[in-house]
Amino acid sequence: MAKGMLEKNQVIIFDTTLRDGEQAAGGRLNIQEKLEIAKQLDKLGVDVIEAGFPVSSPGDFEAVSLITQEVRRPTICALARAHPKDIDRAWEAIKEAEHPRLHVFLSASDIHLLHQLKKTREEILQTSSDMVARAKKYTDDVEFSPMDASRAEPEYIYQIVEAVIDAGAITINIPDTVGYAIPEEFGNLIEGILKNVPNIKQAVISVHCHNDLGLAVANSLEAVRRGARQVECTINGIGERAGNASLEEIAMAIKTRQDFFNLTTGIDTTQIYKTSRLVSERTGFGVQPNKAIVGANAFRHESGIHQDGVIKMPLTYEIMDPRTVGIPASSLVLGKLSGRHAFKERLAELGYSLSEEDFNRAFSAFKELADKKREITDKDIESLVAEEQRTVSEVYHLDRVQVSCGDRGIPTAAIRLTAPDGQVLADAALGTGPVDAVCKAINRLVKVPNVLTEFSVKSVTEGIDAIGEVLIRIESEGITYTGRGADTDIIVASAKAYMNALNRLLASKKSSG
Ligand code: KIV
Ligand code: ZN
């Protein structure tokens, strides 16, 4: 987005969930999941989607091209190191976009120059402008990031920024790559750039803050206060190490404290909750209960004094109306006697629009659940729809799970699966516990070497009849795959989660040839 296109007082929201967010250890997404998230980011109203780093893998290239074809409103950005091959490949992936952007980056701090790149400042300056000029031949919308800018000498950053603007960059992104900056200091850097770079008016200043000291949002907001007009952020703040600045916190801070910032964003805040749930579900990264804006406790009042105040007047202890972020108003909904119509309506209220086939599957799962559980809440419905969606792209399908366990017998599991060619396979195994037995029985059938690195269970709602959600991470050839499964029986949920992780591993192996 060129500077002239910026509405007065608008902060551009640049979402990097699919690039920096996905870089988080264990957060790997498949191509369909990336597309699904990109479509939801479009509904959320982000201005720019950084869809990936095309040179990094054929899968990333394919995901970026697919998003480019199917998501047409926002700018679609592809990341490239300051190498001709990266830039050419990134352009190849986004060239059909309605609004393509190339994002070129190169380290700028002496720490990186001396110890990693072994290059002089002059060499880096030259390469930065040469590579921006190369990108500019493809598109007018070129962004440049001097990596590790917050630890570089400000005067050197001014020099680089001036040079790359001369070469054609129209967005200058200042990354706090290792989350080292302190708000006032980072704000001074932004102000310094505005004051000391003669051609800065030809570009938009962007910021990209990591959360190693828990300051990513504070640093981004301070930068905005000092003149930055693009913020790079991710849903739920996911990303490398401690993550990136959280999109929902940035958007809600600007909206809630409009009196202070006097700025706006294009975010439809009522889509925040849904987007957060989707990203959490697909990446397997849960949202901590006390997480601002989207955590389970973010709008819960436990203290009697607070509850009393909120009943009298919500404003006493609530600075935001939960409905502004799209948190569903009611939580108690359906039961055994609820029919198709009521289920369909509740799905629509929760923001789902399922195809006829998906709806039918979700409805039978709902009926099955209603037989086991008296009250079906919104959270149950979300979990159930997610479980149904997980089965859509599976390679092997889990048909049956049967387990015998207890404090006397040897835990034993029998498993029946349907293979990709339709063949029905069955086997059994012993284990140290029922989950171990289930995984061993599945392994005897699927035969893909892997190591289980994480296993956790949580209940979706309160109560002994609650759905249990299991998250499993497995590792194969150095890559982590996350699987999730939900069921009122946690052993069945574990089998579903393990199958989900294995299916993702198999699909990824297939797509990388
Ligand atoms: O953190 C960082 O510096 C980055 C750059 C590629 C912008 O992610
Ligand atoms: Zn980053």
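The figures here come from the full heavy-atom set of this structure, side chains too, leaving out hydrogens, waters and symmetry mates. All values derive from a computational prediction rather than experimental measurement. One-based numbering, in listed order, for ligands and for the atoms of each.
Atom NE2 is the N, O or S atom of H208 at the shortest distance from the Zn ion (ligand 2). Residue-level check: among N/O/S atoms of D20, OD2 sits closest to the Zn ion (ligand 2).
Looking only at side-chain heavy atoms (C-beta outward), Y481 and E475 stay at 4.5 Å or farther from each other. Two residues are said to be in side-chain contact when any heavy atoms from C-beta on lie closer than 4.5 Å; V231 and F14 fail this criterion. At least one side-chain heavy atom of I293 sits under 4.5 Å from a side-chain heavy atom of M320.
In terms of heavy-atom proximity, N236 sits nearest to K291 at O-CE, 3.8 Å.
Only side-chain heavy atoms of R19 come within less than 4.0 Å of ligand 1; its backbone N, CA, C and O stay farther off.
Atom CD of E184 is surrounded by 12 or fewer heavy atoms from other residues, nucleotides or ligands within 6.0 Å.
Taking distance alone, with nitrogen or oxygen atoms compared against 3.5 Å, D20 approaches ligand 1 more closely than that limit. For ligand 1, the polar-atom distance check against H210 finds a nitrogen or oxygen pair separated by under 3.5 Å. Between H208 and ligand 1, a contact under 3.5 Å exists for at least one N or O pair.
Close approach of ligand 1 to M147 (heavy-atom distance below 4.0 Å) involves ligand atoms 3 (O).
Donor-acceptor pairing under 3.5 Å is lacking for the side chains of N297 and N290.
Of the protein's non-hydrogen atoms, T177 OG1, 2.7 Å is the one closest to atom 3 (O) of ligand 1.
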